[in-house]
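Notes follow the structure.
Because the structure is predicted, anything quoted here is derived from the model rather than measured.
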Amino acid sequence: MTDLSNFPITRKWPATHPDRLQLYSLPTPNGVKVSIMLEETGLPYEVHLVDFGKHDQLTPEFLSISPNNKIPAILDPHGPGGKPLALFESGAILVYLASKTGQFMPRDDAGRYETLQWLMFQMGGIGPMFGQVGFFSKFAGKDYEDKRPRDRYVAEAKRLLGVLDKHLAGRQWIMGDEYTIADIASFPWIRNLIGFYEAGELVGFKEYTNVARVLEAFVARPAVARGLTIPARPQ
């Protein structure tokens with residue numbers, strides 16, 4: 001049996017199945033990227049809830065593998081060379097899992113780099129900008145009298161949606177016929193923007209018919225439906 005006792009995180013979240021990949025997460029748009037990927041690949045894993053309400057993300061145990069105190073993070077007992085590997089940052093984890101399983105990443109170099117560019121588009125654009133829209137639409141920012149900050153992020157969110165909508169014209173997925181980590185990274189954020197953030201009308205989401213079409217296909221996938229609820233939110 002694999003021994004993970006050298007990793008401090010296992011003292012707070014003991015591994016019941018130490019031979020399985022350990023996922024430390026919360027069902028946010030970034031968190032579910034990895035749970036969806038794990039459900040899609042069929043890779044055995046064990047999930048641990050990182051409860052923000054209890055400030056789990058700030059504990060020394062969690063910071064030992066995720067120094068930026070963000071979810072998700074993983075601990076793979078069977079990493080490169082057969083040695084355990086801990087990783088944080090959802091984009092890096094998706095690339096790692098695609099490489100580990102040989103799934104959801106084109107095998108040719110050109111396709112791989114094109115997929116990575118759209119992954120970076122999500123990580124550097126969609127995620128941060130949609131998150132800011134969420135702050136001004138759903139949370140404390142909605143009460144600000146000065147709407148200029150909100151409007152700035154809404155305009156950028158619209159621009160990003162327009163870029164993606166144009167790219168998806170005539171395509172089944174971001175990379176064409178092939179479903180990849182670029183889709184797994186992007187569409188949880190788009191779903192969250194118009195769902196939990198309640199910003200669909202604010203960004204004029206009905207205008208982006210290609211994005212809406214692919215989002216519908218994305219959430220219809222059984223692995224996505226499962227992954228969106230993993231781990232279960234704290235009660």
Side-chain angles (χ1 to χ4, degrees), residues 27-42 72 90-91 93-95 97-98 101 103-108 110-138 150-151 153-230:
T28 66
N30 281 333
V32 299
K33 293 177 192 175
V34 176
S35 56
I36 289 170
M37 181 66 170
L38 289 166
E39 289 293 316
E40 291 278 17
T41 62
S90 58
I93 295 170
L94 289 180
V95 173
L97 293 176
T101 63
Q103 299 182 61
F104 308 115
M105 177 74 87
R107 296 185 181 277
D108 64 293
R112 180 174 183 272
Y113 286 118
E114 289 174 18
T115 302
L116 289 174
Q117 81 178 350
W118 286 104
L119 174 64
M120 297 304 110
F121 175 79
Q122 184 280 307
M123 297 292 294
I126 285 178
M129 294 300 104
F130 286 15
Q132 293 290 351
V133 171
F135 173 75
F136 286 101
S137 173
K138 178 80 172 182
R150 183 202 68 177
D151 293 346
Y153 291 116
V154 168
E156 180 63 3
K158 288 181 175 182
R159 189 190 70 80
L160 292 166
L161 285 167
V163 171
L164 187 57
D165 195 71
K166 182 177 180 180
H167 175 74
L168 288 171
R171 293 172 178 263
Q172 183 177 1
W173 301 105
I174 290 176
M175 286 300 296
D177 293 335
E178 188 173 357
Y179 175 75
T180 70
I181 60 172
D183 303 293
I184 294 171
S186 299
F187 286 100
W189 271 103
I190 296 167
R191 174 181 176 270
N192 205 66
L193 178 71
I194 65 174
F196 181 69
Y197 287 163
E198 301 174 352
E201 185 175 348
L202 190 62
V203 300
F205 188 72
K206 290 182 179 179
E207 300 175 17
Y208 308 103
T209 55
N210 293 312
V211 174
R213 168 180 54 81
V214 181
L215 173 62
E216 183 178 1
F218 177 75
V219 298
R221 294 178 68 90
V224 171
R226 294 192 301 271
L228 287 170
T229 64
I230 298 173

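Contact between A199 and V133 at its shortest, heavy atoms only, is CB-CG1, 3.8 Å. Scanning both residues, A185 and L119, for their nearest heavy atoms gives CB-CD1, 3.5 Å. Contact record, I93 with P72: CD1-O, 3.8 Å, taken as the closest heavy-atom pair. Considering all non-hydrogen atoms of both residues, M175 and R171 come closest at C-NH1, 3.9 Å.
F187 is listed as a side-chain neighbour of V214, based on a closest heavy-atom distance under 4.5 Å. In this structure, the side chains of L202 and Y153 stay at 4.5 Å or more apart for every pair of heavy atoms. At least one side-chain heavy atom of L160 sits under 4.5 Å from a side-chain heavy atom of F121. Counting heavy atoms from C-beta outward, L94 and M105 have side chains that stay 4.5 Å or more apart.
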Donor-acceptor pairs under 3.5 angstrom involving side-chain atoms of residues 215-224: please list them, not counting sequence neighbours.
residue	atom	partner	partner atom	Å
R221	NE	E40	OE2	2.8
R221	NH2	E40	OE1	3.2

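Of the possible donor and acceptor atoms, none in the side chain of S137 sits under 3.5 Å from a partner among the backbone N and O of G134.
Under the rule for a salt bridge (Lys or Arg N to Asp or Glu O under 4.0 Å), the partners of E156 that lie at least two apart in sequence or sit in another chain are R159. Every side chain to side chain contact (heavy atoms under 4.5 Å, CB included) that A212 has, sequence neighbours left out, goes to F205.
Atom-to-atom distance recorded for R226:CZ and S35:OG is 10.5 Å, nearest 0.5 angstrom. Atom CG of residue L161 and atom CD1 of residue I190 lie 6.5 Å apart, to the nearest 0.5 angstrom. A distance of 13.5 Å separates CG in D165 from NZ in K158, rounded to the nearest 0.5 Å. To the nearest 0.5 angstrom, D183 atom CG is 9.5 Å from Q172 atom CD.
Within the structure, every pair that satisfies the side-chain hydrogen bond (donor to acceptor under 3.5 Å, both in side chains) test and touches residues 113-130, not counting sequence neighbours, is listed here: K33-Q122. Note on residues 197-211: pairs passing side-chain hydrogen bond (donor to acceptor under 3.5 Å, both in side chains), not counting sequence neighbours, are K138-E198, N210-R213. Residue pairs meeting the side-chain hydrogen bond (donor to acceptor under 3.5 Å, both in side chains) criterion with at least one partner in residues 186-195, sequence neighbours excluded, are N30-W189.
A side-chain contact (heavy atoms from CB on, under 4.5 Å) with I36 is found for exactly one of I230, I184, I181, T41, namely I184.
Enclosure of atom CG in D177 is not indicated, since only 12 or fewer non-hydrogen atoms of other residues, nucleotides or ligands lie within 6.0 angstrom.
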